[in-house]
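The structure appears right after this line, and notes come after that.
Both counts, for ligands and for their atoms, begin at 1 and track the order of listing.
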Amino acid sequence: MSFLNAEEPTVCDLIADFGIKLLWHPSLGVELGNNLQTLLRDCIAGTIPLDILVFEGSVVNAPNGTGEWNRFADRAMKDWLADLAKVAKFIVAVGDCATWGGIPAMSPNPSESEGLQFLKRQEGGFLGKDFVSQAGLPVINIPGCPAHPDWITQILVAIATGRIADIAFDELNRPQTFFNTYTQTGCTRNVHFAYKASTAEFGQRKGCLFYDLGCRGPMTHSSCNRILWNRVSSKTRAGMPCLGCTEPEFPFFDLKPGTVFKTQTVMGVPKELPPGVNKKDYALLTMVAKDAAPPWAEEDFFTV
Ligand code: SF4
């Protein structure tokens, strides 16, 4: 559904301007039943070239490694995936489930879920650590819950136009262009963060969501405040804390009661600080920030 909301470029642009032929998609594919199986088998046989395989959802292996808990087109989904992965030129994993296993892979992981090439932060996953697709690349990971639609379409354009070699990847195979900065980069609440002015409740337009509401913006790699959602907004702009959904550890603390939308603290100091900041410096910084905060730091100066 996120993919269908893409704007830069749109799904129609992919087809009309970039020459991508969409073979099948759960909402747009016309083939059903036997026809879908024939299409997939033709891809596996090489009768239809499969340039890009985009996979969404975790790979379900239960029960007992059979994958029968997630059947698709009359077979375990993981069996289709194993066959299609052998012939695809490029593979793109979209969303946390496909990249690292996501919420289904939370302990105790009853569905034996994993991502295509990772299980949480551990390399391997369903296809294995050393897997490369026909074009010689590992699975391209576009995490997020959901993944930003423009991250998906822009990567597809990079592949379709032969520019994917220009894109650098991080150690989790995420395109750096989207994931080398933090969610906090471009957040309209940065000035409130600097002066330690806190947001007290969801949707409030003033303050920063880090101090009380558990915002993970300073330690999450994403471009949510650089490449806006629907071109206008983001979670933090709308008054909702960043949940860190582009990192393999999501959902953090296994959603234990009291850990969601609540900053975890020890003696008033957040347990997790922005990377590279030590507790001593942080304590000093916040004392000075509070002291130096001008009255307008507590004001709502959000503009639309
Ligand atoms: S709301 Fe979150 S992302 Fe924005 S400045 Fe505060 S901590 Fe950073």
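- In the hydrophobic clustering (ILVMFWY side chains linked at under 4.5 Å, chained through shared members), Leu172 is joined by Trp100, Phe118.
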Step-by-step side chain to side chain contact (heavy atoms under 4.5 Å, CB included) determination, Thr99 to Leu116: CA-CA 6 Å; Thr99 50; Leu116 262 59; over 6 Å; no
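- Counting only residues at least two apart or in different chains, salt bridge (Lys or Arg N to Asp or Glu O under 4.0 Å) contacts with residues 259-282 comprise Arg216-Glu272.
- Asp212 and Thr263 share no donor-acceptor pair across their side chains, judged by distance under 3.5 Å alone.
- Remark: Glu249 engages Arg121 in a salt bridge, criterion side-chain N to carboxylate O under 4.0 Å.
- With sequence neighbours excluded, the residues that form a salt bridge (charged side-chain N to carboxylate O under 4.0 Å, His left out) with Arg231 are Glu7, Glu8.
- Less than 2.8 Å away from atom 4 (Fe) of ligand 1, the protein contributes these N/O/S atoms: Cys187 SG.
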